[in-house]
2 protein chains.
Amino acid sequence: MSQTVDRALSILPLLAEGPADLGRVADRLGVHKSTALRLLRTLHEHGFVYRQSDQRYRLGARLIALAQEAMENLDVREIAHPHLVRLNEQCGHTVHLAVYEEDEVLYIDKVESRYPVRMYSRIGKPVAITVAAVAKLLLADLPENERRAVVEKLDYPLYTARSTPHAEAFLKELAKVREQGWATDLGGHEESINCVAAPIRGADGRVVAAMSVSAPNVVVTADELLTLLPLVRRTADAISGEYSGRTPVHHADPLHHPEKETP
Amino acid sequence: MSQTVDRALSILPLLAEGPADLGRVADRLGVHKSTALRLLRTLHEHGFVYRQSDQRYRLGARLIALAQEAMENLDVREIAHPHLVRLNEQCGHTVHLAVYEEDEVLYIDKVESRYPVRMYSRIGKPVAITVAAVAKLLLADLPENERRAVVEKLDYPLYTARSTPHAEAFLKELAKVREQGWATDLGGHEESINCVAAPIRGADGRVVAAMSVSAPNVVVTADELLTLLPLVRRTADAISGEYSGRTPVHHADPLHHPEKETP
DNA sequence: CTGGTGCGTTGCAATATCTGCAACGTCCAT
DNA sequence: ATGGACGTTGCAGATATTGCAACGCACCAG
């Protein structure tokens with residue numbers, strides 16, 4: 001809508017790929033060098049880009065600080081975190097928390113597996129929306145028409161032989177997930193990795209987030225992982241209760257929540 | 001330099017404080033509502049802001065994803081991380097990694113203490129630059145004139161009775177730190193918290209990052225913490241060696257480094 | 001039911017703002 | 001020296017951005 005801003009913002013993902021010099025930025029943007037320079041300058045003033053010693057531009061610190069603030073404001077995350085940690089302590093596997101936002105599902109928290117073999121994922125990174133267990137739960141809860149619209153728009157990459165192949169199959173899967181109130185991903189994203197997931201609901205019953213436990217075949221079989229389902233669901237329910245204000249917040253470890261700012 | 005971009009970017013920190021509606025954004029920016037609307041729309045298209053169900057705007061997901069990418073590109077961080085973890089396993093306390101960037105020092109990695117009492121800090125958050133041990137190391141290594149310029153510009157908040165009171169004292173402290181090659185913060189930020197820090201150097205000998213171990217008095221005394229100094233320095237040196245390419249990268253646990261993307 | 005208030009949204013005309021150009025400075029390698 | 005690559009600046013023209021005023025809509029109170 002606003003050309004100047006549009007161009008300026010386009011610079012950021014570009015720099016995320018790695019440092020770039022002025023000429024490169026200008027080229028990729030399709031504008032004159034002087035224009036790119038002025039945009040970069042503005043970004044720089046706000047701390048969004050940083051000019052390293054070799055004169056090339058990198059993403060700046062303020063960006064990181066902002067994102068961190070953004071995450072702290074997500075109150076589901078804050079409430080859920082101790083529960084995720086506890087769950088991880090109980091089962092040892094990687095625990096994820098994800099939310100849906102504008103056609104994307106993204107991880108907003110993660111507790112690493114205690115086993116040496118870990119799965120690759122990244123907080124803030126959009127998840128493989130057509131196969132991830134958490135994505136299924138989040139999409140399954142969208143209103144009928146919106147869900148349909150989103151599902152139709154998606155691509156269906158065949159990560160493995162068990163990936164969801166197309167919209168139709170996905171809709172069917174979502175219906176099932178919606179029905180049973182939990183979801184799995186059995187090797188749909190990476191051949192050897194399985195997940196079990198459960199929804200976290202707000203006071204009105206709508207799914208606000210989803211959590212999952214993931215483990216590679218070499219550690220536990222899919223069947224063994226499924227035995228954790230009740231535990232995962234209980235954890236998710238506990239978070240739901242706390243998030244929607246039904247459960248009096250119970251602090252297993254009150255020192256876990258330090259004061260914001262001043263001592 | 002560019003008014004439009006400038007205004008657009010100013011919206012982000014504003015939203016970081018919490019969700020805001022159009023009117024509020026327009027007011028704070030000092031522009032007409034329609035102008036604010038168009039800026040927000042552009043930010044929205046890029047995923048930097050998100051419109052929640054009550055129509056108010058929040059910081060968006062792309063911001064988080066970008067910041068995460070930005071951090072992954074910091075290669076000091078990547079190299080240092082396993083070392084930080086190992087150090088944490090050895091001593092049990094909170095370990096921080098920080099870099100200097102444009103008049104600020106900020107944490108770019110953190111491994112939490114295993115003790116229940118933890119210190120409050122946040123990745124991406126600028127540190128208390130006048131007192132933090134890591135900040136001293138990073139500033140101490142700046143070229144004379146630049147260091148002086150920065151130090152003069154700073155505020156010297158008295159967090160505690162032992163905080164650095166003014167520029168003069170700070171310069172003196174920096175000289176000492178520069179001399180000895182390590183730094184401490186003994187209750188300068190929070191009465192009951194002490195830190196020991198050591199520098200990480202690039203191939204040219206310049207300090208590229210600094211790491212610290214922090215622990216509250218209730219867990220270990222300052223003297224006890226100081227006994228960790230040799231260990232901290234060895235760790236920092238190990239990171240330096242690897243970062244500057246002198247040391248052949250040695251994998252204590254090769255499975256620690258998952259492949260990027262595809263399996 | 002109705003009038004009012006608060007909010008987001010749109011079309012428009014005026015102009016302030018941004019753009020691309022061309023020229024300059026600097027650094028580096030040939 | 002000399003050429004090229006790169007970042008930087010002043011300028012005039014063009015275009016994108018702005019604020020206004022009017023509209024639509026939802027919500028609330030009388």
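Labels below follow one simple rule: chain letters A, B, ... track the order of the sequence lines, proteins then strands, and each chain is numbered from 1.
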Rounded to whole angstroms, how far apart are CZ on A/Arg41 and P on C/dC18? 13 Å
From NZ of B/Lys33 across to P of D/dC23 the rounded distance in Å is 15 Å
Would you mind writing out the side-chain donor-acceptor pairs for residues 13-21 of chain A within the sub-3.5 Å range, not counting sequence neighbours?
{"from": "A/Glu17", "atom 1": "OE1", "to": "A/Arg28", "atom 2": "NH1", "distance (Å)": "3.2"}
{"from": "A/Glu17", "atom 1": "OE2", "to": "A/Arg28", "atom 2": "NH2", "distance (Å)": "3.3"}
{"from": "A/Asp21", "atom 1": "OD1", "to": "A/Gly23", "atom 2": "N", "distance (Å)": "3.4"}
{"from": "A/Asp21", "atom 1": "OD1", "to": "A/Arg24", "atom 2": "N", "distance (Å)": "3.0"}

Pairs: protein N or O with nucleotides 25-30 of chain C N or O, under 3.5 Å:
none

In this structure, how many angstroms lie between the C1' atom of D/dT9 and the CG atom of A/Leu37, rounded? 9 Å
Name all pairs fulfilling the salt bridge (charged side-chain N to carboxylate O under 4.0 Å, His left out) condition that reach into residues 166-177 of chain B, sequence neighbours left out, sorted by first residue then second. B/Lys136-B/Glu173, B/Glu173-B/Lys176
Assess whether ring pair (Phe, Tyr, Trp, His ring centres under 6.0 Å) is satisfied between B/His96 and B/Tyr107, documenting all intermediate values. CA-CA 7 Å; B/His96 277 113; B/Tyr107 294 128; 4.1 Å; yes
Quick one: bend of the helix from C/dC1-D/dG30 to C/dT30-D/dA1 from 5 pairs per end, to 10°? 30°
Check side chain to side chain contact (heavy atoms under 4.5 Å, CB included) between B/Asp109 and all other residues, then give those that pass, not counting sequence neighbours. B/Arg77, B/His81, B/Leu84, B/Leu97, B/Ile123
Within residues 14-25 of chain B, which residues have any heavy atom lying less than 4.0 Å from an atom of DNA chain D? none
Which residues pass the side chain to side chain donor-acceptor pair (under 3.5 Å) test with A/Asn145, not counting sequence neighbours? none
Which salt bridge (charged side-chain N to carboxylate O under 4.0 Å, His left out) pairs, counting each pair once, include a residue from residues 31-45 of chain B, with sequence neighbours left out? none
Side chain to side chain contact (heavy atoms under 4.5 Å, CB included) with B/Ala198: which residues, sequence neighbours excluded? B/Val232, B/Arg233, B/Ala236
How does each nucleotide of nucleotides 10-18 of chain D score, in 5' to 3' order, for protein heavy atoms under 4.0 Å: base (B), sugar-phosphate only (S), or none (-)? B-----SSB
Partners meeting salt bridge (charged side-chain N to carboxylate O under 4.0 Å, His left out) with A/Asp141 (sequence neighbours left out): A/Arg206
Base, sugar-phosphate or nothing for A/Arg51? Non-hydrogen atoms, less than 4.0 Å. sugar-phosphate
Not counting sequence neighbours, which residues clear side chain to side chain donor-acceptor pair (under 3.5 Å) with B/Gln55? List them please. none
Rounded to the nearest angstrom, tell me the gap between atom CG in B/Asp27 and atom C1' in D/dG19. 15 Å
